[in-house]
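Structure, as structure tokens:
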Amino acid sequence: MPKSGNGLSCIDILRQNFEYLFEATLIEEICKSGRLQSVESDKVLIDVGDVISHMPIVISGSIKVMTEDKEGDELLLYYLEFGDTCAITLNCCTRNAKSSIRAVVESEAKVIFVPVEKMEEWMVKYSSWRNYVLESFNSRLHEMIGALDNIVFNSMEDRIKNYLRDKVFINKSEIIITSHLEIANDLHSSRVVISRLMKKLEKEGLVRQTRNKIEYLGKI
DNA sequence: ACATTAATTGTGT
DNA sequence: ACACAATTAATGT
């Protein structure tokens, strides 16, 4: 029994948002096989090592995707927003491999979960689906390349700035609720380094901060 | 309202 | 990187 949150059925939401992207028959199929779910913040949708049985399509809210190394340190890869789907999931599930990523809900989201078998079936059957999947694969890849050269070529200070800017954008709020420790985990750094740099950014007037809250004062 | 505790943040070495 | 101090939020009495 899928919760739709605001009383809209799955098919209404799909029609509303994907009308011009998918043909009507495909929308019906997605509705039949997929299940719509509202998920609260911090819920872990997919964890490292999980076997993927469903792929997510994000309707609203945002989802944070990261990897984890063997010491348990994380690295933020990219965010998923409206209309996005997770490319790595696609890769994993078609070959029935285990997930190398973790997906956590960043801000309360509505997500449609589609079983893997259907994905493949639709890839052949609907060109709109094929395009959607390939397109999404492509943009995820570009985001990851962006994240990579951010890491390689930018200083930690710039990485924090980018991180804050992204978070403001993704949550559509200048107010960021998070701790220095969380930022450190996301950026694969240490808490002390983040605290020092955040203090500096505060002095420069880019942010104002109180405990667990950062107010972004720069341009977006 | 106050004291206790836990978590977060700041700083010096 | 580590240790510790300072600050703040949460909780119980």
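Chain letters run A, B, ... following the sequence lines, proteins first, then strands; residues in each count from 1. As the structure is a computational prediction, the values presented were derived from the model and not from experiment.
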Practice task
Output the rest of the hydrophobic cluster of A/Tyr20: all Ile, Leu, Val, Met, Phe, Trp and Tyr residues reachable through side-chain heavy-atom contacts under 4.5 Å, sorted by chain and number.
Solution key: none
Exercise for the section: Give me the other members of the hydrophobic cluster that A/Val104 sits in, counting Ile, Leu, Val, Met, Phe, Trp and Tyr linked by side-chain heavy atoms under 4.5 Å, directly or via other members. Expected result: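 Result for A/Val104 is A/Val44, A/Met66.
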Exercise for the section: Could you tell me how the ring of A/His54 sits relative to the ring of A/Phe113: parallel (under 30°), tilted (30 to 60°) or perpendicular (over 60°)? Expected result: perpendicular
Handout entry: Boundaries of the chain A footprint along DNA chain B (any atom under 4.0 Å from a heavy atom)
Key =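 From 5' to 3', the first and last contacting nucleotides are B/dA7 to B/dG12.
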Enumerate all atom pairs, one protein N or O and one N or O from nucleotides 8-10 of chain C, separated by less than 3.5 Å.
{"unit_1": "C/dT8", "atom_1": "O2", "unit_2": "A/Arg211", "atom_2": "NH1", "d": "2.2"}

Contacts table for residues 187-194 of chain A: side-chain donor-acceptor under 3.5 angstrom, sequence neighbours left out:
{"unit_1": "A/His188", "atom_1": "NE2", "unit_2": "A/Asp69", "atom_2": "OD2", "d": "3.4"}
{"unit_1": "A/Arg191", "atom_1": "NH1", "unit_2": "A/Ser195", "atom_2": "OG", "d": "2.8"}

Problem - Check: A/Val48 main-chain N/O paired with A/Ser99 side-chain donor or acceptor under 3.5 Å - result: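 Side chain of A/Ser99 to backbone of A/Val48, a donor-acceptor pair under 3.5 Å: no, none is there.
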Enumerate donor-acceptor pairs with a distance under 3.5 Å from any side-chain N or O in residues 73-86 of chain A to protein atoms, sequence neighbours excluded.
{"unit_1": "A/Asp84", "atom_1": "OD1", "unit_2": "A/Arg140", "atom_2": "NH2", "d": "2.8"}
{"unit_1": "A/Asp84", "atom_1": "OD2", "unit_2": "A/Glu81", "atom_2": "N", "d": "2.8"}
{"unit_1": "A/Thr85", "atom_1": "OG1", "unit_2": "A/Pro56", "atom_2": "O", "d": "2.5"}

Practice task
Taking only heavy atoms on the protein side, list every residue of residues 160-167 of chain A lying under 4.0 Å from any atom of DNA chain B, sorted numerically.
Solution key: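 Result for residues 160-167 of chain A: none.
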Exercise for the section: Tell me whether A/Tyr163 is reachable from A/Leu181 by hopping between hydrophobic residues (I, L, V, M, F, W, Y) whose side-chain heavy atoms are closer than 4.5 Å. Expected result: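 No, A/Leu181 does not connect to A/Tyr163 through the hydrophobic network.
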Exercise for the section: Could you check if a side-chain atom of A/Leu201 sits within less than 4.5 angstrom of a side-chain atom of A/Leu164, using non-hydrogen atoms only? Expected result: yes
Problem - pair A/Phe22-A/Leu14: side-chain heavy atoms closer than 4.5 Å - result: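 They are not in side-chain contact.
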Practice task
Pull out every residue in residues 174-194 of chain A that has a heavy atom closer than 4.0 Å to any atom of DNA chain C, ordered by number, or say none.
Solution key: A/Ser190, A/Val192
Practice task
Return yes when atom NZ of A/Lys161 has more than 12 non-hydrogen atoms of other residues, nucleotides or ligands closer than 6.0 Å, and no otherwise.
Solution key: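 It does: A/Lys161 NZ has more than 12 such atoms within range.
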Exercise for the section: Assess whether atom NZ of A/Lys32 is packed by more than 12 heavy atoms of other residues, nucleotides or ligands within 6.0 Å. Expected result: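 At most 12 heavy atoms, drawn from other residues, nucleotides or ligands, come within 6.0 Å of this atom.
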What donor-acceptor contacts under 3.5 angstrom involve side-chain atoms of residues 145-158 of chain A, with partners at least two apart or in another chain?
{"unit_1": "A/Asn150", "atom_1": "OD1", "unit_2": "A/Asn154", "atom_2": "ND2", "d": "2.8"}
{"unit_1": "A/Asn150", "atom_1": "OD1", "unit_2": "A/Asn162", "atom_2": "ND2", "d": "3.1"}
{"unit_1": "A/Ser155", "atom_1": "OG", "unit_2": "A/Asp158", "atom_2": "N", "d": "3.3"}
{"unit_1": "A/Ser155", "atom_1": "OG", "unit_2": "A/Asp158", "atom_2": "OD2", "d": "3.4"}
{"unit_1": "A/Glu157", "atom_1": "OE1", "unit_2": "A/Lys200", "atom_2": "NZ", "d": "2.6"}

Handout entry: From A/Asp186, A/Asp47, A/Asp50, residue fulfilling salt bridge (Lys or Arg N to Asp or Glu O under 4.0 Å) relative to A/Arg102
Key =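 The salt bridge (Lys or Arg N to Asp or Glu O under 4.0 Å) with A/Arg102 is passed solely by A/Asp47 among A/Asp186, A/Asp47, A/Asp50.
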Using atom types as modelled, flag every donor-acceptor pair under 3.5 Å from a side chain in residues 213-220 of chain A to any protein atom, sequence neighbours excluded.
{"unit_1": "A/Glu215", "atom_1": "OE2", "unit_2": "A/Arg208", "atom_2": "NH2", "d": "3.3"}
{"unit_1": "A/Tyr216", "atom_1": "OH", "unit_2": "A/Lys219", "atom_2": "O", "d": "3.3"}

Handout entry: Pairs satisfying side-chain hydrogen bond (donor to acceptor under 3.5 Å, both in side chains), at least one member in residues 21-31 of chain A, at least two apart
Key =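 Counting only pairs at least two positions apart or across chains, the side-chain hydrogen bond (donor to acceptor under 3.5 Å, both in side chains) contacts touching residues 21-31 of chain A are A/Glu23-A/Ser128, A/Glu29-A/Trp122, A/Glu29-A/Lys125, A/Glu29-A/Tyr126.
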Practice task
With pairs defined as Watson-Crick or G-U wobble and both distances under 3.5 angstrom, please note down DNA chain C as a dot-bracket string, | for pairing with another strand.
Solution key: |||||||||||||
